[in-house]
Amino acid sequence: MRPILLVGHVRSLTKIKYNRDGDLLFSVSKDSKPCVWFSHNGERLGTFNGHNGTVWDLDISYDSKRLLTASADATMRMWDVYTGKELFQWRSAHKQAVRVVAFAHGDRQAMYVTDATMGQKCKIHIVEIAENPEDQDDETLTIITVPGSKVTVAEWGALNRYIYTGHEDGTLSMWDPESGELVKSVKIHDGQITDMQFSKDRSHMITASKDHSAQVVDAKTLKVMKRYETERPVNAAAMSPLRSHIMLGGGQDAMRVTQTDARQGKFEVRFYHLVFQEEIGRVKGHFGPINTLAFHPDGKSFASGGEDGFVRVHFFDDDYFEFKYPEEEEEE
Amino acid sequence: MPKDPKTGLSKGYMFVEFSSPEQAEVAIKTADGIAMDKKHIIAVNAFDDIGKYANAPEEFKEPARESFVEKDHLRGWLLDERCRDQWVQMRGDEVSICWNNASVVYTSRSDPPEVAHARQNWTDSYVAWSPLGIYLATFHKRGIILWSGKMDEKGDQGKTRFPHPNVKLVDFSPNESHLVTWSHEPIITPKGEQHHIIVWDVRSGVQLRSFPVEPSSIKNEPTGPGARGAQPMKIDWPIFKWSHDDKYLARLSPGTISVYETPSMNLVDKKSIKVEGVVAFNWSPADHIISYWIPEAGNIPARVTLMKMPSREIVRTKNLFNVLDAKMFWQNAGDYLLVKVDRAKSKTKTVTNFEIFRLREKDIPVDVLEIRAEETVDEIFWEPKGNRFAMLTREGTTNAKLFVYFYEVQTAATAAPAAKAAETAAGGIKLLRKFEPKNVVNRVIWSPKGRYCVLAGVSKPQSPPLPGNLEFWDIDEMVLMNAGEHYMATDVEWDPTGRYVASSVSWWHFQNDTGFCIWSFAGQNLVRQNVATLKQFLWRPRPPTLLSKDQMKNIKKKLKDYSTVFDKVDAKAANQLSQEAADKMRRLWNEWQEYRARCAEDYERDYEARVELFGFDPDKPPQNEEEEALQEYVEEVVEEFEEIIS
């Protein structure tokens, strides 16, 4: 594998995402400046300047023209990808940090989640996205107050029928975005859910958790179908769009790194076979815990962002594609 | 006391009322049967008894026959077909007893262990095995429960309760006939004393006797009159030391060794042994002999003494001069006693030497071994039932050099002809090997059968973790068989048969990477399991074999025949398991394919809704206005040649 090292952020990475075509890679970090790079060679196009605090999350519109970012400076901002200009800003009512952001399918709506700080409960806000950015206003369509444990990850389900949220106590919930009601909630992890990524058709998702495991969950029933165990908190998990593989990234909490032996740092991305739940490989390289992972939409490469401030882009070798279990061979 | 009006003498009886029923019981116990004078004996009875006996039915009524309830086979686990051993592990709140499948050839390294019994919240604090493995002790607020046999939760079978509120420590007698428990919370006896220790009979669950704590045993001072109950005391546990056959238990108080005999729990000969200045004592692991040492006092030199019980005959004593400190190490068959003596060489330097008592020889000769002055002896480890011991020493303080020594105590068969059985025989201890270990070694753990040992660098609490190096040695051949590593291992334990070694990391010391590894006796890693929050990993001990020496000889002769039978069984099971594994993989794959097919159907069905939402089919995006042209530079090697320029 020949990895490309993307150097540009000065603080640890919080989230990376490819756009739908896969030619661009967006990254946000604690240094308040989101970056966008060409994914095939790692060349940086530019940064989006404006935020005043850690940027926790991002999402890209279907046509890759607009970018939404969520930040600890209590704003969700929309940017023009091509020019880097800030198009609009939503401010959280009580100066709570915005932790999660996501475009709805069709990009007519978006949601952002504010943190449970400043004496407020965690809230999910659903806003309308105007077709012409100049007509954009900050009117909120629905606000869902989350009564229990706060939301750490959130996504729109298939056809925007439901919003899925992962919580600090390991619960996975389904909400109706129109009525704001909680439809279903299941505690699937014993620790905070740190990542939630859907399959391409949104029928199932993979959740990563601080309880050292990741699980594959069916979206309709919230039933856990697969489980992958590790010995470290898992910070990120993703499913390959091409093969039946998943990858996990994690590592010791930054505070406790000194307690472990350097070579025991376990700063590697681990690959498991999705169906057989067996580990099939590891990729080392990060100097700190891995915070975020993303597969390229074509499944031929992937990117990882770490606590060390680096983004690494890896391209799979031929033998990755040739490696098959006997059962898989028979299918072909 | 009522008096007969006619004779003026007492009627011969009186009624006494006490302020509490406990006091009345004490009175009955102590006074009943006491001789008042030559001709008269006092009889004391409880008042209620009179009514009970007066109203007893005239006719004999046969008591009801209780139906026979078959008890669990207490040694049932030893009857395992595959001769596997068990261990108990405590993971978080769950305690489970598992079978060691490491001998089963086909289990993968990461398969979870096969569980024999498991229960959540089986104990409040920790668990302990009895010395012969029959009982598992669990701690609860109200006392200890011993589990045996099938370890069934329902019903009282196989469960014996020992009520001792807030019990914290437990100790078994070597043959599991008695139990000693300790609690910080004292029990107030009828006499008003505060007792912390209770001695029990295991089979019946009856409390035999309770004891207070000698103030000299308490390691920290209570901070005030009422503080005793509040502050937990630090003590050296076990306070009572048992003789090898459970007949006696003894404890030390300043200048006294008190020896009690079971089951009466009375002092042997009704008095303790007075030994002025005694500091420490030990029982021989095989005989009724107590070893103790007394430091120097004025003109009287220090001495080590071996005393036989119950006769109190002193079988051997040796005077030692200029002694600063001494420590006794018995070999586990009672054949040898090694006393490590630290002497003052000069004002700042100490020098160590060993006095090795040979218990089995006539007159118990003592061999003396001098240790190099530059080295401090850290620990001694006797080979079980053997005549060899290992020693760890340190030279220097900062960046200390570590040394490992192996010595053999030569018997008449192995001794050089010049050695004589005298007090200063120097030729009796042979140095087998001395070397500097490559990695930190702080413990030598011998196999229970002898011959093999593990040199380990064990991590201790409140100290930085060590890489957990394990070296597997064969001491007969004096060769290192294999070396392994278990990062941060806090415990290393041989299984009772000497086939396997388990290293574990306990969550009580380190919160990360807890788990255990099982190694073969030759150092091959068989199992490596990460178990989150693993608190304890203890092999289940085995009782001594019931086979006679001849029977064992026979089996060793016929070992080849037995092996072929076992190999056949293993091969058959291996085939079956690989078949099962293959079936499982197929099943998983098919299930997943079915699921994906169902999801694909749903996706198809939602096509219309999707198109409406996006305005087009999102899987077939509209063609972009312009496509970005990417320039790619490709290097192609056209020709390659080598030219040697002379």
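Every chain is numbered from 1 and lettered A, B, ... according to where its sequence line falls, protein lines coming before strand lines. These figures come from a predicted structure and were not determined experimentally.
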*Classify the angle between the aromatic ring planes of A:F271 and A:F295 as parallel (below 30°), tilted (30 to 60°) or perpendicular (above 60°).*
perpendicular

*How would you list, by chain and number, every residue that makes a ring pair (Phe, Tyr, Trp, His ring centres under 6.0 Å) with B:F616, sequence neighbours excluded?*
A:Y62

*Please flag which part of A:R20 lies under 4.5 Å from any non-hydrogen atom of chain B: side chain, backbone, both or neither.*
side chain

*What residue in B:E591, B:M585, B:K584 has the most heavy-atom pairs under 4.5 Å with chain A?*
B:M585

*Engaged part of B:Y595 at the chain A interface, taking heavy atoms whose separation is under 4.5 Å*: side chain

_Minimum heavy-atom distance between A:E155 and A:M196, given as atom pair plus value_ = N-CE, 3.6 Å

*Where on B:P618 is there a heavy atom nearer than 4.5 Å to chain A: the side chain, the backbone, both, or neither?*
both

*Region of B:R598 in contact with chain A, defined by heavy-atom distances below 4.5 Å*: neither

*Are any of the side-chain nitrogens in A:R270 or A:E279 under 4.0 Å away from the carboxylate oxygens of its partner?*
yes

*Considering heavy atoms only, which positions within residues 197-205 of chain A lie below 4.5 Å of chain B?*
A:D201, A:S203, A:H204

*B:W508 and B:F510: aromatic ring centres closer than 6.0 Å?*
no

*Please flag which part of A:D218 lies under 4.5 Å from any non-hydrogen atom of chain B: side chain, backbone, both or neither.*
both

_B:T514 side chain vs B:V531 backbone, donor-acceptor pair below 3.5 Å_ = yes

*Side chains of A:I280 and A:H245: does their closest heavy-atom pair fall under 4.5 Å?*
yes

*Using a heavy-atom cutoff of under 4.5 Å, enumerate the residues of residues 605-613 of chain B that contact chain A, numbered in order, or state 'none'.*
B:D606, B:A609, B:R610, B:L613

Without placing hydrogens or testing angles, list every side-chain donor-acceptor pair under 3.5 Å for residues 571-580 of chain B, not counting sequence neighbours.
residue, atom, partner, partner atom, Å
B:S578, OG, B:A574, O, 3.4
B:S578, OG, B:N575, O, 3.0
B:Q579, NE2, B:D583, OD1, 3.4

*Would you please indicate yes or no on a ring centroid separation below 6.0 angstrom for B:Y500 and B:W519?*
no

*Please say whether the positively charged group of B:R119, taken as NZ for Lys or CZ for Arg, lies over the ring of B:W122, i.e. under 6.0 angstrom from the six-membered ring centre and within 45 degrees of the axis.*
yes

*Over 60° means perpendicular and under 30° means parallel, so classify the ring planes of A:Y325 and A:F323, tilted if in between.*
perpendicular

*Side-chain contact, heavy-atom cut-off 4.5 Å: A:K226 with B:L588?*
yes

